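Computed from a predicted structure; not experimentally measured. Here is the naming used below: chain letters follow the sequence lines, and residue numbers restart at 1 for every chain.
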Amino acid sequence: MIKTRLKTLIDHCFDQGVEAGFWSAAAAGGYSLDEPKHAGQGDLATNLAMVVLAPHTDLLERVEVAGPGFVNCYLNKTVWQSVLPEVCANEATFGRSDIGKAKKVLVEFVSANPTGPLSVGHGRQAVLGDAIAGLLSATGHQVTREYYYNDAGRQMRVLGESTRARYLEALGLPFTFPEDGYQGQYIRDIAQALIEEHGDGLKDEPEVTPFKNKAERVIFDDINTTLHRLGIVFDNYYNEHSLYENGLVDDVVASLREKGLAYDQDGAVWFKGTECGLPQDRVIIKSTGEPTYRLPDMAYHREKFKRGFDWMVDIFGSDHIATVPDVLAGVKALGYDPSKVTVVLHQFVTLLRDGQQVKMSTRKANFVTVDELLDEVGADVARFFFLMRKADSQLEFDLDLATKTSQENPVYYVQYAHARLHSIRRQAEAKGVVLGSLADAPVGRLTLDDEILLLKAMAGFPGLVQGAALDLAPHRLVFFLQDLAGQFHSYYNKHRIVSEDEELSRARLWLAMGLRIVLRNGLALIGVSAPESM
RNA sequence: GCGCCCGUAGCUCAGCCGGAUAGAGCACCGGCCUUCUAAGCCGUAGGUCAGAGGUUCGAAUCCUCUCGGGCGCACCA
């Protein structure tokens with residue numbers, strides 16, 4: 001019989017649902033399959049969806065099956081209205097959660113050696129890393145922000161030589177500028193500072209160290225000042241050099257040798273990458289005796305594991321992509337689980353001015369620094385713009401748009417929504433409309449579709465934060481905020497919040513309060529200020 | 001040559017752990033201020049989701065290949 005065949009099919013689906021844990025077996029046999037009384041309701045109809053959802057009917061207004069097999073659940077408005085007290089009662093924490101279970105996470109980013117000011121590329125990385133760290137900590141992770149740097153080695157020697165050359169040059173003495181020296185104006189500034197401190201006392205200095213040290217100090221201070229302007233504070237600066245001093249680099253070599261994963265050839269020490277699934281073996285100690293960057297990187301990552309982190313997030317520019325497989329293979333070879341390391345590679349930034357791409361070249365120090373950018377657009381705009389794209393995408397930073405203090409600038413758009421909400425509150429107070437206690441908030445009066453939509457968006461905020469955190473994708477917050485601000489502006493233009501209807505006014509003022517909280521908390525997560533007036 | 005990323009509206013980009021009619025902002029065009037900030041709103045238009053195969057009941061989404069663009073492929077970091 002046809003009905004039996006269909007019933008068997010539905011029973012089977014029901015059982016599968018039970019097995020998968022979608023619902024309990026309590027409703028087994030409790031649902032029907034009958035010929036409907038009226039035409040237009042199919043040949044046979046089952047109330048399966050209703051029965052399965054029966055324990056939750058207080059939430060549901062109606063349930064429909066539609067299209068190619070969707071069960072559409074329409075929730076009662078009260079469900080959405082109940083979001084508001086929750087938001088307002090948890091002003092400081094709404095959006096935060098503990099899904100991270102206090103997992104220890106290390107977020108490493110920037111990690112620029114002190115050879116020059118931060119470029120806009122670093123800026124993107126700095127903001128990206130900081131926002132990711134912020135999201136992780138908002139979701140209950142125990143986060144450490146770390147900056148890994150090296151103030152020894154070839155790069156720094158060249159920096160010292162460059163500084164010396166500029167020093168001699170400024171004194172009008174003969175000098176030779178290193179072939180691959182640092183050409184920026186900042187080196188000249190440092191040289192000038194040395195002259196002010198020492199006069200020509202260093203002109204016969206045999207060591208490069210005083211030049212190097214001075215340059216390093218000045219540049220690191222600059223970098224930190226810049227980071228500070230961006231609102232970024234690191235918990236820890238990890239010096240690559242300390243790895244050598246503590247014998248940790250040698251120890252990695254010894255361990256690799258022990259496992260037969262390192263060998264000598266052509267006077268160099270090689271890592272047997274081919275043994276670890278990599279396309280080729282790599283030099284880890286040059287024939288000069290100096291290690292390549294790979295080796296200390298492996299040692300550093302091993303230290304991260306030893307320091308007890310459950311999850312290690314590395315933020316790198318896409319030009320460092322080649323290092324990733326090597327380091328991860330090294331970590332694995334040393335007996336640690338590379339799946340605990342997540343590398344976020346971000347693409348480059350191009351600046352657009354007057355519709356034209358601004359040409360930049362690191363080598364010639366012909367690049368726009370984060371400082372210059374901040375002078376021009378400020379920290380809020382810089383942070384917001386750096387987060388407007390997912391890390392994978394190249395980021396086009398449109399200075400023309402960023403410097404506009406008008407409707408087109410998305411940063412102001414969002415901030416304005418927040419300021420407007422504050423303004424409404426002030427206006428209401430001036431008119432003597434009192435919010436009253438949250439418990440008495442007449443949220444039942446929020447019945448317009450526009451209002452339910454706003455409530456839904458607010459309700460989705462914590463989940464959005466969690467997803468953005470776990471996927472290391474802060475750009476989602478930016479999109480969310482733009483959407484929410486847009487919804488509010490639209491609502492504002494259509495409906496009056498403070499009106500003759502005192503109860504409705506209070507309800508809407510609470511709605512405004514909730515929106516303000518979500519906007520403010522969202523902006524805080526990406527490190528952008530939420531002004532109360534603009 | 002090899003590896004990774006990208007290719008979605010005129011432009012800049014979301015969506016990408018498969019689902020219903022693919023979204024937003026700019027730009028264009030047309031409207032809205034005696035009332036809570038016009039730094040705002042409303043409306044019109046705009047698409048072979050680079051292309052070709054494949055998997056699937058179903059693909060922008062997954063697989064393969066091709067074509068474009070970016071970044072790498074050091075005894076630099």
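- A:R294 comes within contact range of the sugar-phosphate backbone alone, with a heavy-atom separation under 4.0 Å but no base atom that close.
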Problem set entry | 5'-to-3' dot-bracket of RNA chain B (Watson-Crick, G-U; under 3.5 angstrom; crossing pairs as [ ]; | other strand) | (((((((..((((.....[...))))..((((.......))))......(((((..]....))))))))))))....
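- Set against B:A14, B:C73, B:C75, the side chain of A:S393 has B:A14 as its closest nucleotide.
- Ion pairing of A:R157 with A:E161 is absent here, as no side-chain N (NZ or NE/NH1/NH2) approaches a carboxylate O to less than 4.0 Å.
- Of all the heavy atoms in A:A165 and A:P178, the pair that sits closest is CB-CD, 4.3 Å.
- What separates NE2 of A:H346 from P of B:C6 is a distance of 15 Å, to the nearest Å.
- In the set B:C16, B:C75, B:A74, B:C75 carries the atom at the smallest distance from any side-chain atom of A:K286.
- For the pair A:D400 CG and B:U12 P, the computed distance is 14 Å after rounding to whole Å.
- Residues A:V358 and A:T350 are not in side-chain contact: their nearest non-hydrogen atoms beyond the backbone lie 4.5 Å or more apart.
- Counted by atom type alone, A:H301 and A:D314 present one or more donor-acceptor pairs between their side chains at under 3.5 Å.
- Phosphate contact (OP1/OP2 of B:G15, side-chain N/O of A:K390, threshold under 4.0 Å): present.
- Distance from the side chain of A:Y412 is smallest to B:A39 among B:A39, B:G70, B:C76.
- Comparing the P positions of B:A45 and B:G23 gives a spacing of 14 Å, expressed to the nearest Å.
- Between B:G72 and B:A77, the distance separating the two P atoms is 16 Å to the nearest Å.
- Listed candidates were B:C73, B:A39, B:G3. Nearest to the side chain of A:I321 is B:G3.
- Look at CZ on A:R420: it is 8 Å from P on B:A39, rounded to the nearest Å.
- Distances were taken from every side-chain heavy atom of A:D319 (C-beta onward) to each of B:G72, B:C16, B:C5; the shortest belongs to B:G72.
- At a threshold of 4.0 angstrom between heavy atoms, the contacts of A:S499 with the nucleic acid are absent.
- As a whole-Å value, the separation of A:D392 CG from B:U61 P is 17 Å.
- Below 30°, between 30° and 60°, or above 60°: for A:Y237 and A:F220 the angle between ring planes is above 60°, a perpendicular geometry.
- No salt bridge links A:R217 with A:D151; every basic N to acidic carboxylate O contact stays at or beyond 4.0 Å.
- Near RNA chain B, meaning a heavy atom under 4.0 Å from it, residues 487-498 of chain A has A:H489, A:S490, A:Y492, A:N493, A:H495, A:R496, A:I497, A:V498 in order of number.
- Here A:R154 does not pair with A:E290 in a salt bridge; the nearest charged N to carboxylate O distance is not below 4.0 Å.
- Of the candidate nucleotides B:C76, B:C13, B:C71, B:C13 has the atom nearest to the side chain of A:E396.
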Contacts under 3.5 Å, N or O only, protein and nucleotides 24-30 of chain B:
{"unit_1": "B:A27", "atom_1": "OP1", "unit_2": "A:E408", "atom_2": "OE1", "d": "3.2"}

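- Ring orientation note: the planes of A:F386 and A:F397 are nearly perpendicular, at an angle over 60° on the 30°/60° scale.
- A perpendicular orientation is assigned to the rings of A:Y149 and A:Y147, their planes being inclined by more than 60° (bins at 30° and 60°).
- When the P atom of B:A14 is taken as reference, atom CZ of A:R476 falls 12 Å away, rounded to whole Å.
- The aromatic rings of A:H320 and A:F316 sit tilted relative to each other, their planes meeting at an angle between 30° and 60°.
- Considering only side-chain N and O atoms, A:K431 lies nowhere under 4.0 angstrom from the phosphate OP1 or OP2 of B:U35.
- B:A60 and B:U66: their P atoms are spaced 22 Å apart (whole Å).
- Nucleotides B:C13 and B:G53 place their C1' atoms 29 Å apart, quoted to the nearest Å.
- In terms of polar N and O atoms assigned as donor or acceptor, the side chain of A:Y293 comes within less than 3.5 Å of the base of B:A77 in a complementary pairing.
- For B:C33, the O4'-C1' to base torsion is within 90° of 0; the nucleotide is therefore syn.
- A:F316 places its CZ atom 17 Å from the P atom of B:C5, with the value rounded to the nearest Å.
- The shortest heavy-atom contact between A:P114 and A:E216 is CG-CG, 3.8 Å.
- With salt bridges taken as basic N to acidic carboxylate O contacts below 4.0 Å, none links A:R353 and A:D400.
- As rounded to the nearest Å, B:G25 and B:G46 have C1' atoms that lie 14 Å from one another.
- Atom name P, nucleotides B:C67 and B:G51: the rounded distance is 16 Å, in whole Å.
- Of all non-hydrogen atoms in A:R383 and A:I526, the two that sit nearest each other are NE-O, 2.8 Å.
- Residue A:R516 contributes atom CZ, which lies 19 Å from atom P of B:C36 at whole-angstrom precision.
- Rounded to a whole Å, the CG atom of A:L395 is 17 Å from the P atom of B:G70.
- Note on A:H475: only backbone sugar-phosphate atoms sit closer than 4.0 angstrom, heavy atoms only; bases stay farther off.
- One N or O donor and one acceptor, one from the side chain of A:S287 and one from the base of B:C75, sit under 3.5 Å apart.
- A gap of 16 Å separates the C1' atoms of B:U61 and B:A20, to the nearest Å.
- In this structure, A:K103 is positioned above the aromatic face of A:W311, its NZ or CZ under 6.0 Å from the six-membered ring centre and within 45° of the axis.
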